[in-house]
Enquirer: 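Structure below; questions to follow.
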Number of protein chains: 2
Amino acid sequence: MLHVAEAARVSVATVSALINGTATVSPELTQRIEQAIRDIGYKRNAIARSLKMGTTRTIGLTVPHITNPFFTDVVSVIQQAFDRAGYAVMLCCTDEDLNTQDEQIRLLLDRMVDGLIVARVGDGGILKGIVEQADVPVVLLDRVCEGVDTDTVVLDNRSAVFDAITYLANLGHRRIAYITGSFDISPMHDRMEGYRDALQAAGLAVEDELVRFGNFHEVDGYNATMQLLSLRDRPTAIFSANNPMVIGTMKAIRDIGLRCPEDISVACFDDFPWSDVFQPQLTTVAQPVQAIGEQAANLLLDRLAGNREAPPRKLMLKGRLMIRNSCHPLGAIARSVSA
Amino acid sequence: MLHVAEAARVSVATVSALINGTATVSPELTQRIEQAIRDIGYKRNAIARSLKMGTTRTIGLTVPHITNPFFTDVVSVIQQAFDRAGYAVMLCCTDEDLNTQDEQIRLLLDRMVDGLIVARVGDGGILKGIVEQADVPVVLLDRVCEGVDTDTVVLDNRSAVFDAITYLANLGHRRIAYITGSFDISPMHDRMEGYRDALQAAGLAVEDELVRFGNFHEVDGYNATMQLLSLRDRPTAIFSANNPMVIGTMKAIRDIGLRCPEDISVACFDDFPWSDVFQPQLTTVAQPVQAIGEQAANLLLDRLAGNREAPPRKLMLKGRLMIRNSCHPLGAIARSVSA
DNA sequence: TGACACGTTCGAAACGTTTAGATTAGCGTT
DNA sequence: AACGCTAATCTAAACGTTTCGAACGTGTCA
């Protein structure tokens, strides 16, 4: 900018005024300055600007795994929304690890991001302190967090799973297995509640041996399913509370030599683009990814626009059961199915 | 930092020296300063630091579509690599549009990223100028770019497609259709070459009506396939040069009432986690995503570490044909199949 | 005792912007 | 002719760091 000012024989203040339109500058100077900018190929240094202005027009986004198709889609939507608004987004993957998350949030905060969107992990870690001292606005995505009172957009996980399990029960299944991630993240907790409640509503008991834990990865789903299928009284349906794990479930079923849905029914959380096309076409709970991403972006953009005082806003969206052909009615017991 | 210095009754220079370990500071002062840092909860302002140092420890990464599983995986690998190295990554999606890409690169450059990894679009746009004036190192990912001479990691697209088409020809297919994206990005060009060469090697003619263009999206694959299937002399195999488009292909086949692989064989570029599990299990060309991401990251990290003078390094990796069950041998014509 | 070296600490400039307030010029009023 | 008003421009401080070179105190040596 200094060079531009010299070349145009004006002060840097005038150059700045012209660039930002913060004051009127005469036609001749405008002319001279624009010429100089072109000659020199001047680009404003956003770092210097950020230092002075105290805002970076950059936000931080952390998710557990970007390869989980749910997060992929949400990240994509959020990125687009902020791009439209002239913000850059720094993306971090926490790999479902609290320490990593803390470290990455620190990294983002160091870089003075204007806001944070976090699909948190563990108990939230340093997130609590950050929200409390209200330095930067943060919105929680997908997962609420006890003790962290801030803008949030989550799914109604309980009722989504309730519907799915009820669907299976109505098909006549009595032994419905459930594969879940750890309960310390809220969706897993809420989904389990939906499972429990649905069984109860259907007059079925919750049996411990039918509930298995995994750590969100394909291999965990595989192992869990192997255990389930080797029970003396094998389940007739399996619901996986997480998408990557269901791949493991399908592989285990294949490896053991069973067929889905003829021998065993399968449904899972989170839809993906292929589910329509390949066999079996998986029955899934689809999250409104577009809406989730947009709402999260909007909540944060609203804070960034200056609305700091409003009390935390908690949005809860509804999932949708996508019934396809991976679940069979069970013999004569099947009742009428409510879609 | 000023506050810390005051609280510890030292100068900011000393605080800086301690934090960065750039000079020895006595035990008492160390003690006082560390205490003050803790008391105040001081965090270094990376923006101010960047301004002074001229480096942001941030890189920019642009891809056409993050929801394309190939890019999802590569982004994930790259993100991890830079995270380990203490860099933040700003992610942008160009949506396969040159103007968007130019805009986003400008956005990233404004923010003084230390380097750029670009899966470019169109003819490269402002990329050329950036590489020429060598302000920031850039590595090209997945796609080379005429006139942009810089570090690059790409797949050997020609031979990957050559192998796939040869495989189909060896199965006895004579009418092998090909769905491609626009040739102005290099992989599409090279893949087409592989198609042509393989047909020729198999003694088959390239027929224009069997080559269809689409714009990388599912719907394009759908339309292209619909056209192919309504030819009087229908192809017996379809190869899709892009992953999202193959979903459209499968939907079209289903909608028209055909079965894959019994009625028509299908193969495509880019592997995805589900391909093993669902029917038909798609035969695909798998890219070594892990290696691609790591190599790209390494090339850039090497430049960032100061190796600016080395001539552009061009890496070409090999794809791998994953033979599954979406391609049938064609009647008695089938020859022995080379895996 | 003075000169010198060494280890520690500090003052101040610099990075590239923005912006408040000062200055200047031009013009119309009285 | 002196005055005030407005519009255009400029000066200089500030943002929070890093770093160069100077300053200071202490001990060693001649």
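In what follows, chains carry the letters A, B, and so on, assigned in the order in which the sequence lines appear, proteins first and then strands, with residues in each chain numbered from 1.
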Enquirer: How does protein contact run along nucleotides 7-16 of chain D, one letter per nucleotide 5' to 3', with B for base contact, S for sugar-phosphate only, - for none, heavy atoms under 4.0 Å?
Expert: -SSBB--BBB

Enquirer: So what is the end-to-end bend of the helix from dT1(C)-dA30(D) to dT30(C)-dA1(D), with 5 pairs used at each end and the value given to 10 degrees?
Expert: 80°

Enquirer: To the nearest angstrom, how far is E6(B) atom CD from dG11(C) atom P?
Expert: 12 Å

Enquirer: Taking E103(B) first and then R84(A), would you say they form a salt bridge - that is, a charged N and a carboxylate O separated by under 4.0 Å?
Expert: no

Enquirer: Please name all residues satisfying ring pair (Phe, Tyr, Trp, His ring centres under 6.0 Å) with Y87(B), sequence neighbours left out, ordered by chain then number.
Expert: F82(B)

Enquirer: Check the distance between dC10(C)'s P and L2(B)'s CG and give it to me in whole angstrom.
Expert: 13 Å

Enquirer: Is it true that K314(A) and D149(A) have a side-chain N and a carboxylate O under 4.0 angstrom from each other?
Expert: yes

Enquirer: Could you tell me which residues satisfy ring pair (Phe, Tyr, Trp, His ring centres under 6.0 Å) with F70(A), sequence neighbours excluded, listed by chain and number?
Expert: none

Enquirer: Partners of T67(B) by side chain to side chain donor-acceptor pair (under 3.5 Å), sequence neighbours excluded?
Expert: none

Enquirer: Whole angstrom is fine here: how far is it from CG in L18(B) over to P in dT9(C)?
Expert: 10 Å

Enquirer: So does R303(B) pair up with D151(B), basic N to acidic O under 4.0 Å?
Expert: yes

Enquirer: Holding to side chain to side chain donor-acceptor pair (under 3.5 Å), I want the full list of residues that pass it with D190(B), two or more places apart in sequence or in another chain.
Expert: none

Enquirer: Count the heavy atoms belonging to other residues, nucleotides or ligands that lie under 6.0 Å from NE2 of H65(B), then report whether that count exceeds 12.
Expert: yes

